[in-house]
There are 2 protein chains.
Amino acid sequence: MQTLSKNQQIIFDLIDKSPEPMKAYSILHNVQKKGIKAPLQVYRALDKLVEIGKIHKIESRNAFIACHNSSCQVSKATAFSICEICEKVTEISSASLSKYLTNFKDKDGMKYSKYNLEFFGLCKKCR
Amino acid sequence: MQTLSKNQQIIFDLIDKSPEPMKAYSILHNVQKKGIKAPLQVYRALDKLVEIGKIHKIESRNAFIACHNSSCQVSKATAFSICEICEKVTEISSASLSKYLTNFKDKDGMKYSKYNLEFFGLCKKCR
DNA sequence: TTACATAATGTTATATTATAACAATTTAAT
DNA sequence: ATTAAATTGTTATAATATAACATTATGTAA
Ligand SMILES: [Zn+2]
Ligand SMILES: [Zn+2]
Ligand SMILES: [Zn+2]
Ligand SMILES: [Zn+2]
């Protein structure tokens with residue numbers, strides 16, 4: 001549990017409080033009053049936060065959410081559900097899923113050190 | 001098996017022949033001699049080809065590969081392995097994996113209509 | 001085969017996402 | 001105190017993707 005730098009903390013707090021994934025330039029707009037003025041300052045903080053597992057990138061949406069799943073060790077194994085109507089994103093925390101994927105071997109017997117899984121469908125509200 | 005339009009066929013052929021995933025602007029450069037001059041022409045063909053399942057988008061790389069897996073019905077269920085050194089991408093065709101993920105239900109019992117899974121590791125050559 | 005709807009194309013402009021390059025400052029460990 | 005590593009600040013630019021509008025081609029049904 002390392003301490004975050006000033007920019008990292010500001011940006012993490014913002015993402016952590018957001019009910020939905022946040023995009024980089026939306027983050028930028030929200031932190032300009034706190035002195036973070038340039039895209040690069042945002043992207044650098046995002047890179048670090050992803051690296052240490054505090055946030056995840058939703059690749060299909062180019063957006064970021066805070067990790068609320070202590071079992072996904074440093075972002076090596078991530079799974080999300082995404083509603084195709086309202087765009088609600090939830091991190092999936094399933095021991096059996098992560099066990100299955102962590103142990104998955106392909107045809108050549110290769111095991112992978114990392115994965116990202118994105119499920120799509122309709123959330124409760126949108127069904 | 002529908003017939004492709006002119007632009008769609010040109011762009012599919014290029015991607016299909018490529019040994020590696022192709023990015024949109026690399027595609028554009030490669031088809032300019034064939035009269036496709038604008039990004040939008042490329043993106044429109046890519047959108048359609050993805051929609052009908054002839055190609056897939058590798059979300060973490062913003063790149064496209066041809067589908068060589070008849071069992072992934074119209075791109076609703078895709079899985080790839082990605083080498084983090086040489087960026088080689090392979091479509092994974094595993095009946096047990098697709099069965100597991102297609103039947104996966106989250107905590108609320110929700111089933112998903114679609115998923116995309118990207119595994120990361122080192123390919124044979126790079127290990 | 002005309003009429004109509006749908007799909008695809010062509011074109012210009014612009015929006016969105018992300019990194020390069022370089023200088024300065026802060027932090028943490030000797 | 002010295003030094004290395006990490007972080008910050010700043011400007012410019014690269015890479016990825018869509019909006020808006022006009023035109024042309026294709027398929028379907030009276
Ligand atoms: Zn997580
Ligand atoms: Zn929803
Ligand atoms: Zn496929
Ligand atoms: Zn490799």
Side-chain angles (χ1 to χ4, degrees), chain A residues 1-15 18 20-65 74-75 82 84 87 89 116 118, chain B residues 1-15 18 20-65 74-75 82 84 87 89 116 118:
Chain A
M1 205 56 165
Q2 71 181 272
T3 87
L4 301 179
S5 74
K6 179 169 130 281
N7 288 2
Q8 289 160 13
Q9 189 70 57
I10 290 169
I11 288 173
F12 174 73
D13 288 344
L14 179 67
I15 297 172
S18 171
E20 64 217 12
M22 294 198 72
K23 306 196 132 212
Y25 277 73
S26 159
I27 292 168
L28 177 59
H29 294 138
N30 275 276
V31 297
Q32 280 180 329
K33 52 198 162 216
K34 302 214 170 171
I36 296 175
K37 290 173 192 157
L40 198 44
Q41 293 174 291
V42 172
Y43 280 104
R44 284 196 284 224
L46 290 174
D47 284 351
K48 191 68 186 185
L49 290 167
V50 166
E51 184 191 324
I52 65 179
K54 300 282 287 182
I55 65 172
H56 301 302
K57 182 172 186 181
I58 310 301
E59 294 286 356
S60 65
R61 299 298 186 260
N62 297 318
F64 300 84
I65 64 172
V74 195
S75 308
I82 302 172
E84 290 188 294
E87 292 290 325
V89 174
N116 180 58
E118 297 179 8
Chain B
M1 204 60 164
Q2 70 181 272
T3 85
L4 301 179
S5 74
K6 180 170 129 282
N7 288 2
Q8 289 159 14
Q9 189 69 58
I10 290 169
I11 288 172
F12 175 73
D13 287 344
L14 179 66
I15 297 171
S18 172
E20 64 218 11
M22 292 198 74
K23 306 196 132 211
Y25 277 72
S26 159
I27 292 167
L28 177 59
H29 293 139
N30 275 278
V31 296
Q32 280 181 327
K33 52 199 162 213
K34 302 213 169 171
I36 297 175
K37 291 174 191 156
L40 198 44
Q41 294 174 290
V42 172
Y43 280 104
R44 283 196 287 224
L46 290 173
D47 284 351
K48 191 68 188 188
L49 291 168
V50 166
E51 185 192 323
I52 64 180
K54 300 282 287 179
I55 65 172
H56 302 304
K57 182 173 186 181
I58 310 300
E59 293 286 358
S60 65
R61 298 299 186 260
N62 298 318
F64 300 84
I65 65 172
V74 196
S75 308
I82 302 172
E84 291 189 294
E87 293 290 324
V89 174
N116 179 57
E118 298 180 7

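In the text below, chain A, chain B and the rest are named by the order of the sequence lines, each starting its count at 1.
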In this structure, how many angstroms lie between the C1' atom of C:dT6 and the CD atom of B:Glu51, rounded?
13 Å

To the nearest angstrom, the CD1-P distance between B:Ile36 and C:dT11 comes to 12 Å

So, does A:Gln8 get its side chain near the phosphate of D:dT7, meaning an N or O under 4.0 Å from OP1 or OP2?
yes

Check for me: is A:Tyr43 stacked on C:dT19 by the 5.5 Å centroid and 30° plane-angle rule?
no

Whole-Å distance, B:Ile27 CD1 to D:dT16 P, equals 11 Å

Is the closest side-chain heavy-atom distance between B:Gln41 and B:Val31 below 4.5 Å?
no

Are any of A:Lys6's side-chain N or O atoms less than 4.0 Å away from OP1 or OP2 of D:dG9?
yes

Nearest whole angstrom, please: distance from the C1' of D:dT26 to the CG of B:Leu4.
15 Å

Over how many whole Å does the gap from B:Asp47 atom CG to D:dT18 atom C1' extend?
10 Å

Side-chain N or O of B:Lys48 closer than 4.0 Å to phosphate OP1/OP2 of C:dA7:
no

Given atom CG of B:Leu28 and atom P of D:dT18, what is their separation to the nearest angstrom?
15 Å

So, does A:Gln41 get its side chain near the phosphate of D:dG9, meaning an N or O under 4.0 Å from OP1 or OP2?
yes

Is there side-chain contact between B:Ile52 and B:Gln8, with at least one heavy-atom pair below 4.5 Å?
no

Got a second to check how far B:Leu14's CG is from B:Ile55's CD1, nearest 0.5 Å?
10.5 Å

Side-chain heavy atoms of B:Ser60 within contact of A:Asn116, under 4.5 Å:
no

Taking the side chain of A:Leu40 as its heavy atoms from C-beta onward, which of C:dA21, D:dA19, C:dT17 lies nearest to it?
C:dA21

Return whichever of B:Ser5 or A:Lys57 has its heavy-atom-nearest nucleotide of DNA chain C closer to the 5' end.
B:Ser5

For a quick test of reading the model, state the closest non-hydrogen atom pair linking A:Leu28 to A:Ile36 and the distance between them.
CD1-O, 3.7 Å

Can you check whether B:Asn62 has a side-chain N or O nearer than 4.0 Å to OP1 or OP2 of C:dT17?
no

Expressed as a whole number of angstroms, how long is the span from A:Gln9:CD to D:dT7:C1'?
15 Å

Under the criteria of a ring-centre distance below 5.5 Å and an interplanar angle below 30°, is A:Tyr25 stacked with the base of C:dT16?
no

Spacing of B:Arg44 atom CZ relative to D:dC21 atom P, expressed in whole Å:
14 Å

Does OP1 or OP2 of D:dG9 have a side-chain N or O of A:Asn7 closer than 4.0 Å?
yes

On DNA chain C, more 5' by nearest nucleotide between B:Pro39 and A:Ser26 is B:Pro39

